[in-house]
Q: 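Okay, here's the structure, questions in a sec.
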Amino acid sequence: MLYFENDYCEGAHPSILQRLIETNMEKLSGYGTDKYCESAKEKIREVCACPNADIYFLVGGTQTNATVISAMLKRYEGVIAASTGHINFHEAGAIEYTGHKVLELPHKDGKISAKTLQDYLETFYKDKNYDHMVFPGMVYISHPTEYGTLYTKAELQEISSICTGYNLPLFLDGARLGYGIASEQSDISLADIAKYTSVFYIGGTKVGALCGEAVVFPNQAPNHFMTMIKQQGALLAKGRLLGIQFDTLFTNDLYMEISKNAIETANKLKKALLDKGYQLFLDSPTNQIFVVLENETMKKLGEVVKFSFWEKYDETHMVVRFATSWATKMEDVEELITLL
């Protein structure tokens with residue numbers, strides 16, 4: 001069986017496992033106060049060109065999104081997101097469970113536009129009854145998006161400018177951030193993201209770590225944010241587990257180096273699909289490839305390949321997703337190409 005179902009099928013990069021073994025018997029303080037967490041934070045601050053950033057390590061993406069959003073919103077506020085956004089579509093209502101509504105915006109290939117955001121906010125505040133409505137309290141985007149698409153620096157600047165004008169924090173979900181930055185079509189760096197957002201996170205779970213995400217507040221975290229992390233069940237007593245992983249990922253540019261593999265393998269698969277005459281649902285420049293398959297082709301291929309069903313295309317076709325990762329082998333891509 002070939003696995004292209006997601007980008008977290010494998011465990012962790014061997015360098016991480018080696019560091020965990022080497023440090024296993026060290027006695028360290030808990031809850032992220034150990035020397036490896038501090039070292040990882042300094043390395044992340046440096047690469048983000050943000051020396052005063054507040055950084056926290058959380059266990060997973062859903063916990064990160066729920067914790068950040070609930071910590072930053074007032075009880076009467078909601079979070080603006082694309083209708084396809086991960087917090088709206090694939091997190092089992094985790095945001096609503098904390099008491100905050102996801103305020104949907106229409107999207108184009110997973111992205112919200114500055115104009116759509118501006119129109120939404122203008123319309124909201126022109127309504128004389130807005131005191132009876134859920135206030136927009138934050139804007140959420142992801143990079144890459146659920147469709148593997150990317151915001152340009154200009155688009156990020158525009159959205160950030162609107163958020164600043166309305167005094168709204170901008171939160172960037174970076175669960176697959178390494179793959180976004182590694183894409184040849186990306187013109188955004190970690191330093192750019194730190195400059196134009198209020199908070200973002202660097203995904204580890206999907207980019208080489210066993211688990212964990214690094215939340216970065218470029219300026220200042222909300223008061224008692226660590227307490228909020230614990231309240232949401234996202235704080236590890238053995239915080240070293242996350243610190244050692246991120247310290248390794250941000251040593252000698254490992255995070256970016258391993259991210260490139262996902263892009264290279266995805267590009268090879270995408271080219272082969274096009275050469276064979278398959279229809280792409282959209283053109284993703286990252287590690288997620290969305291292709292239209294006939295129902296019978298999908299059924300037959302599913303007997304030997306793991307991939308994700310995405311959505312119905314028409315009565316005889318489905319959209320499926322093939323995902324590559326930091327660990328995808330080129331020979332597996334070549335075998336999949338043969339099967340196709």
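Heavy-atom basis, side chains included; hydrogens, waters and symmetry copies ignored.
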Q: Does any non-hydrogen side-chain atom of Pro136 lie less than 4.5 Å from one of Leu121?
A: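 Contact flag for Leu121/Pro136 side chains = yes.
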Q: Evaluate the side-chain hydrogen bond (donor to acceptor under 3.5 Å, both in side chains) criterion for residues Ser113 and Lys108: first the C-alpha distance (whole Å), next the side-chain angles of each, then the deciding distance (0.1 Å), finally the verdict.
A: CA-CA 8 Å; Ser113 70; Lys108 170 65 175 173; over 6 Å; no
Q: Verify the distance criterion only: is there a donor paired with an acceptor across the side chains of His100 and Glu77 at less than 3.5 Å?
A: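 No.
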Q: Answer yes or no: are there more than 12 heavy-atom neighbours, outside Asp127 itself, under 6.0 Å from its atom CG?
A: yes
Q: Using the ring pair (Phe, Tyr, Trp, His ring centres under 6.0 Å) definition, which of the options Tyr201, Phe171, Phe200 pairs with Tyr140?
A: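 With Tyr140 as partner, Tyr201, Phe171, Phe200 yield a single ring pair (Phe, Tyr, Trp, His ring centres under 6.0 Å), made by Phe171.
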Q: Yes or no on side-chain hydrogen bond (donor to acceptor under 3.5 Å, both in side chains) for Thr316 and Glu294, after CA distance, side-chain angles and deciding distance?
A: CA-CA 6 Å; Thr316 58; Glu294 292 181 349; over 6 Å; no
Q: Ser161: which residues meet the side-chain contact (heavy atoms from CB on, under 4.5 Å) condition with it, sequence neighbours left out?
A: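 For Ser161, no residue satisfies side-chain contact (heavy atoms from CB on, under 4.5 Å) once neighbours in sequence are set aside.
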Q: Just say parallel, tilted or perpendicular for the rings of Phe290 and Trp310, cut-offs at 30° and 60°.
A: perpendicular
Q: Find out if a path of hydrophobic residues (ILVMFWY) with successive side-chain heavy-atom gaps under 4.5 Å connects Ile80 to Tyr130.
A: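 In one cluster: yes.
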Q: Distance check, rounded to the nearest 0.5 Å: Phe57 atom CZ versus Ile244 atom CD1?
A: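 The distance works out to 11.0 Å.
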Q: Hydrophobic clusters here meaning ILVMFWY residues chained together by side-chain heavy-atom distances under 4.5 Å, can you tell me if Leu190 and Ile141 are in one?
A: yes
Q: Do other residues, nucleotides or ligands put more than 12 heavy atoms under 6.0 Å from Phe309 CZ?
A: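 Yes, because the 6.0 Å sphere around CZ of Phe309 holds more than 12 heavy atoms from other groups.
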Q: Determine whether the side chains of Asn267 and Glu184 contain a donor N or O and an acceptor N or O closer than 3.5 Å.
A: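 Asn267 vs Glu184: donor-acceptor pair found between side chains.
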Q: Walk me through whether Tyr36 and Arg19 qualify under side-chain contact (heavy atoms from CB on, under 4.5 Å).
A: CA-CA 11 Å; Tyr36 296 107; Arg19 286 287 299 284; 3.6 Å; yes
Q: Is there a donor-acceptor contact under 3.5 Å linking the side chains of Tyr147 and Gln288?
A: no
Q: Would Ile337 and Val291 show up in the same hydrophobic cluster when neighbours are defined by side-chain heavy atoms closer than 4.5 Å?
A: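 Yes, one cluster joins them.
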Q: Sequence neighbours excluded, which residues qualify as salt bridge (Lys or Arg N to Asp or Glu O under 4.0 Å) partners of Lys271?
A: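 Per chain and number, Lys271 pairs via salt bridge (Lys or Arg N to Asp or Glu O under 4.0 Å) with Asp275.
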Q: Can you hop from Ile289 to Tyr8 via hydrophobic side chains spaced under 4.5 Å?
A: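 No, Ile289 and Tyr8 fall in different hydrophobic clusters.
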Q: Output, in order, the C-alpha distance, side-chain angles, deciding distance and verdict of side-chain contact (heavy atoms from CB on, under 4.5 Å) for Tyr56 and Val216.
A: CA-CA 7 Å; Tyr56 299 84; Val216 181; over 6 Å; no
Q: Establish, from distance only, whether the side-chain atoms of Asn88 and Glu104 form a donor-acceptor pair under 3.5 Å.
A: yes
Q: With rounding to the nearest 0.5 Å, note down the distance linking CD in Glu122 to CG in Leu117.
A: 10.0 Å
Q: CZ/Phe217 to OG/Ser198 distance, rounded to the nearest 0.5 angstrom?
A: 9.5 Å
Q: For Lys41 and Asp247, what are the C-alpha separation, side-chain angles and deciding distance, and is it a salt bridge (Lys or Arg N to Asp or Glu O under 4.0 Å)?
A: CA-CA 8 Å; Lys41 289 176 184 179; Asp247 190 53; over 6 Å; no
Q: First locate atom CG of Leu235, then atom CE of Met228, and finally report the distance between them rounded to the nearest 0.5 Å.
A: 13.0 Å
Q: Side-chain heavy atoms under 4.5 angstrom apart, residues restricted to Ile, Leu, Val, Met, Phe, Trp, Tyr: same cluster for Val47 and Tyr179?
A: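 Same cluster.
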Q: When you compare the side chain of Ile193 with that of Leu177, does any pair of heavy atoms fall below 4.5 Å?
A: yes
Q: Going through the checks in order, is the salt bridge (Lys or Arg N to Asp or Glu O under 4.0 Å) test met by Glu46 and Lys43?
A: CA-CA 5 Å; Glu46 183 176 356; Lys43 290 173 182 177; over 6 Å; no
Q: May I ask you to check whether Glu10 and Ser325 show a side-chain donor-acceptor distance below 3.5 Å?
A: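 There is such a pair between these side chains.
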Q: Will you find, in the side chains of Ser189 and Asp192, an N or O donor that is under 3.5 Å from an N or O acceptor?
A: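 Yes, because at least one side-chain N or O of Ser189 sits under 3.5 Å from a partner of the opposite role on Asp192.
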Q: Checking salt bridge (Lys or Arg N to Asp or Glu O under 4.0 Å) for the pair Lys300/Glu303: CA distance, chi angles, key distance, verdict?
A: CA-CA 6 Å; Lys300 184 177 179 181; Glu303 295 173 358; over 6 Å; no
Q: How is the hydrophobic cluster of Tyr3 composed, in terms of its other members, when Ile, Leu, Val, Met, Phe, Trp and Tyr link through side-chain heavy atoms under 4.5 Å apart, directly or indirectly?
A: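 Its cluster partners, ordered by chain and number, are Met1.
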Q: Could you tell me if Asp314 and His317 have a donor-acceptor pair between their side chains, going purely by distance under 3.5 Å?
A: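 Yes, a side-chain donor-acceptor pair sits under 3.5 Å.
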Q: Hey, what's the ring geometry for Tyr125 with Phe135, parallel, tilted or perpendicular (30° and 60° as the breaks)?
A: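 Ring orientation, 0 to 90° scale: perpendicular.
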Q: Do Leu274 and Leu280 have side-chain heavy atoms sitting under 4.5 Å apart?
A: yes
Q: Which distance, rounded to the nearest 0.5 Å, do you find between the CD of Glu158 and the NZ of Lys153?
A: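 Here the rounded value is 14.0 Å.
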Q: Are Phe307 and Phe4 close enough that their ring centres sit under 6.0 Å apart?
A: no
Q: After noting the C-alpha distance and the side-chain angles of Leu269 and Leu340, does the key distance pass the side-chain contact (heavy atoms from CB on, under 4.5 Å) rule?
A: CA-CA 10 Å; Leu269 178 56; Leu340 290 165; 4.1 Å; yes
Q: Before you tell me yes or no, could you show the steps for Leu168 and Met138 under side-chain contact (heavy atoms from CB on, under 4.5 Å), namely the whole-Å CA-CA distance, both residues' side-chain angles and the distance that decides it to 0.1 Å?
A: CA-CA 5 Å; Leu168 295 175; Met138 168 188 272; 5.9 Å; no
Q: Go through the steps to decide whether Asn219 and Asn52 satisfy the test side-chain hydrogen bond (donor to acceptor under 3.5 Å, both in side chains), and finish with yes or no.
A: CA-CA 7 Å; Asn219 297 308; Asn52 298 316; over 6 Å; no
Q: Rounded at 0.5 Å granularity, tell me how far CD1 in Ile69 sits from CD in Glu96.
A: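 Result: 9.5 Å between the selected atoms.
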Q: Within the structure provided, determine whether Leu150 and Ile188 are in side-chain contact (heavy-atom separation under 4.5 Å).
A: no
Q: Please evaluate residues Gln118 and Tyr166 with respect to the criterion side-chain hydrogen bond (donor to acceptor under 3.5 Å, both in side chains), reporting the C-alpha separation (whole Å), side-chain torsions for both, the decisive distance (0.1 Å), and the verdict.
A: CA-CA 10 Å; Gln118 180 73 47; Tyr166 282 88; 3.3 Å; yes
Q: Please indicate whether His90 has more than 12 foreign heavy atoms, meaning atoms of other residues, nucleotides or ligands, lying under 6.0 Å from its NE2.
A: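 Result for NE2/His90: enclosed.
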Q: With salt bridge (Lys or Arg N to Asp or Glu O under 4.0 Å) as the criterion, how do Arg321 and Glu311 come out once you've worked through the C-alpha distance, each side chain's angles and the decisive distance to 0.1 Å?
A: CA-CA 9 Å; Arg321 183 191 72 174; Glu311 61 186 71; over 6 Å; no
Q: Identify which one of Thr324, Asp7, Asn261 satisfies the side-chain hydrogen bond (donor to acceptor under 3.5 Å, both in side chains) criterion when paired with Asn287.
A: Asp7
